[in-house]
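Here the structure is laid out as structure tokens; the discussion comes afterwards.
Order of the sequence lines sets the chain letters (A, B, ...), proteins ahead of strands, with each chain counted from 1. Everything numeric in this text was worked out from a predicted model, so none of it was measured.
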Protein chains: 2
Amino acid sequence: MSLRYGLLGLLAEGPASGYDLTRRFEEVLGPVWPAQHPKIYAELGRLTTDGLIEVDSYGPRGRKAYRITEDGLAAVRTWLAEAEVDHTMRLEPLLRSFFFWLMTPEQLGDHLVREQEFFAAMARRYQTYAEAKDRGEYGHSPQTQSMRVAVEAGVRVYEALAGWAEWAEWARTVPPAKP
Amino acid sequence: MSLRYGLLGLLAEGPASGYDLTRRFEEVLGPVWPAQHPKIYAELGRLTTDGLIEVDSYGPRGRKAYRITEDGLAAVRTWLAEAEVDHTMRLEPLLRSFFFWLMTPEQLGDHLVREQEFFAAMARRYQTYAEAKDRGEYGHSPQTQSMRVAVEAGVRVYEALAGWAEWAEWARTVPPAKP
DNA sequence: CTTCCTCGTGTCCCTAGGTACATGTCCTGT
DNA sequence: ACAGGACATGTACCTAGGGACACGAGGAAG
């Protein structure tokens, strides 16, 4: 159901085509909620049938821009305010960490360094966005303020994971003193 | 594919039944990789066919304990060492944050407080595990050391999210000074 | 002795996610 | 003139996830 509300949420900002939404999903929402174009086009069809969105305009190359309806706006708002938050976090790197003891020290060292670098790079990337937003590069609309909040989450979570990988590498190299 | 390797990883620690594995998944791996029993039993069947696990013993009430084979152990090790890490993180609370601007201030305040409490409680829960492990309550086997590393990730990520929710609430109440 | 809970295995089916395939258009640079 | 890339929409199909349904056995407490 989250894809549905993700699309409605994006359309609440203004009309957009399936192609636009696909790009926004991969650029913006990608890391927290991946969605490929086949799913998006299919869901747009269903949303239209349900009257939550409607075609706003037709453009070149068969482009169809959709607009959110009153019902659609009400539906996202209800979801945000009333639907229970799903806190499950599916994170393969953490699943793997349960099985680190099956790796050789060299493999593990390698792995942790690469993971640390990956997470640190992601943290920096979000940090850059955050700074651009704080300089006002994207304006001060409510939407960009929400975006800023989301970006902050990215910075903090990726920094936490980078710190964790570093700590794990340290804990591996310097094992706790045995009594 | 991760469920498959999750099961193999758990079986690498010793024989277990589908029921055991279901409980370990929901107690231990649950927050990072949920799996329900129907999927687990089905995957155990496939793993047996592929010769990666075999039946270790039969118990009361039709209980079947499985044991990992040499091939199975090799398969997890290969996965850990060679398979590309999937970094996608599917996190509904962060998806929602992109759409905070659609909520009323009261709804958002409420939501953020509840989220902050949830994440803080999770962080405390993992902190408790971590402390118990550091006191040596679960021994010092390689498996528990890996578990300790995984738990540390839980503590750090949930603390980061709790801090984020608190920051968001603060940023909401005290908006940045406009130039 | 019976009731109830936990243990224990499994099927069915619907929805969601993801890859591959298919097709056509407009614009830009050479 | 034409080649290549970005724009744009869609179908088909396979796998993964998750809830509902189904059934039965063993053990503990009353």
Protein-nucleic acid N or O pairs under 3.5 Å, nucleotides 25-27 of chain D:
from   : atom 1 : to    : atom 2 : distance (Å)
D:dG26 : O4'    : B:R61 : NE     : 3.4

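Relative orientation of the A:Y158 and A:F118 rings is perpendicular, given thresholds of 30° and 60° on the angle between their planes. Between A:H87 and B:F119, the ring planes lie perpendicular to each other; the angle is over 60°, past the 30° to 60° tilted range.
For the pair B:L7/B:R46, no side-chain contact is recorded, criterion being any heavy-atom separation below 4.5 Å from C-beta on.
Proximity of residues 10-37 of chain A to DNA chain D (heavy atom under 4.0 angstrom from any strand atom) is restricted to A:S17, A:G18, A:Y19, A:R23, A:H37. Listed by residue number, there are no residues of residues 42-52 of chain B with a heavy-atom contact under 4.0 Å to DNA chain D. Scanning residues 78-97 of chain B for heavy-atom distances under 4.0 Å to DNA chain D yields an empty list.
A salt bridge is defined here as a Lys NZ or Arg NE, NH1 or NH2 lying under 4.0 Å from an Asp or Glu carboxylate O, and A:R148 with A:D134 meets this definition. Taking 4.0 Å as the cut-off between side-chain N and carboxylate O, B:R114 and B:E117 do not count as a salt-bridged pair. Of the charged side-chain nitrogens involved, none lies within less than 4.0 Å of a carboxylate oxygen, so that A:E137 and A:K133 do not count as a salt-bridged pair.
In 5' to 3' order, the nucleotides of DNA chain C bounding all contacts with chain B (an atom under 4.0 Å from a heavy atom) are C:dT6 to C:dG18.
Because its NZ or CZ atom is not both nearer than 6.0 Å to the ring centre of B:W33 and within 45° of the ring axis, A:R96 does not count as a cation-pi partner of that residue.
Side-chain N/O atoms of A:K64 include one lying less than 4.0 angstrom from OP1 or OP2 on D:dG10.
The distance from atom CZ of B:R4 to atom C1' of D:dA16 is 13 Å, rounded to the nearest whole Å. Between the P atom of D:dG10 and the CZ atom of A:R63 lies a distance of 12 Å, rounded to the nearest Å.
Checking D:dA12, D:dT9, D:dA16 against the side-chain heavy atoms of A:Y41 singles out D:dT9 as nearest.
Nearest-nucleotide positions on DNA chain D place A:A65 closer to the 5' end than the other of A:K39 and A:A65.
Annotation: side-chain contact (heavy atoms from CB on, under 4.5 Å) contacts of B:T78 (sequence neighbours excluded): B:E82.
The two atoms that bring B:G109 and B:E169 nearest to each other are CA-OE1, 3.5 Å, heavy atoms only.
When only modelled atom types and interatomic distance are considered, A:D86 and A:T88 share a side-chain donor-acceptor pair under 3.5 Å.
Looking at B:R4, its side chain never comes within 3.5 Å of a backbone N or O of B:E43 through a donor-acceptor pair. In this structure a side-chain-to-backbone donor-acceptor pair under 3.5 Å is missing from A:R67 to A:G14.
Here the OH-CD distance, from A:Y41 to A:Q36, works out to 13.0 Å after rounding to the nearest 0.5 Å.
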Exercise for review: Dump the intermediate steps for ring pair (Phe, Tyr, Trp, His ring centres under 6.0 Å) on B:Y19 and B:H37, then the final yes or no.
Suggested key: CA-CA 7 Å; B:Y19 190 80; B:H37 78 268; 8.8 Å; no
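Residues B:L10 and B:V55 share a hydrophobic cluster, clusters being chains of Ile/Leu/Val/Met/Phe/Trp/Tyr side chains in contact below 4.5 Å.
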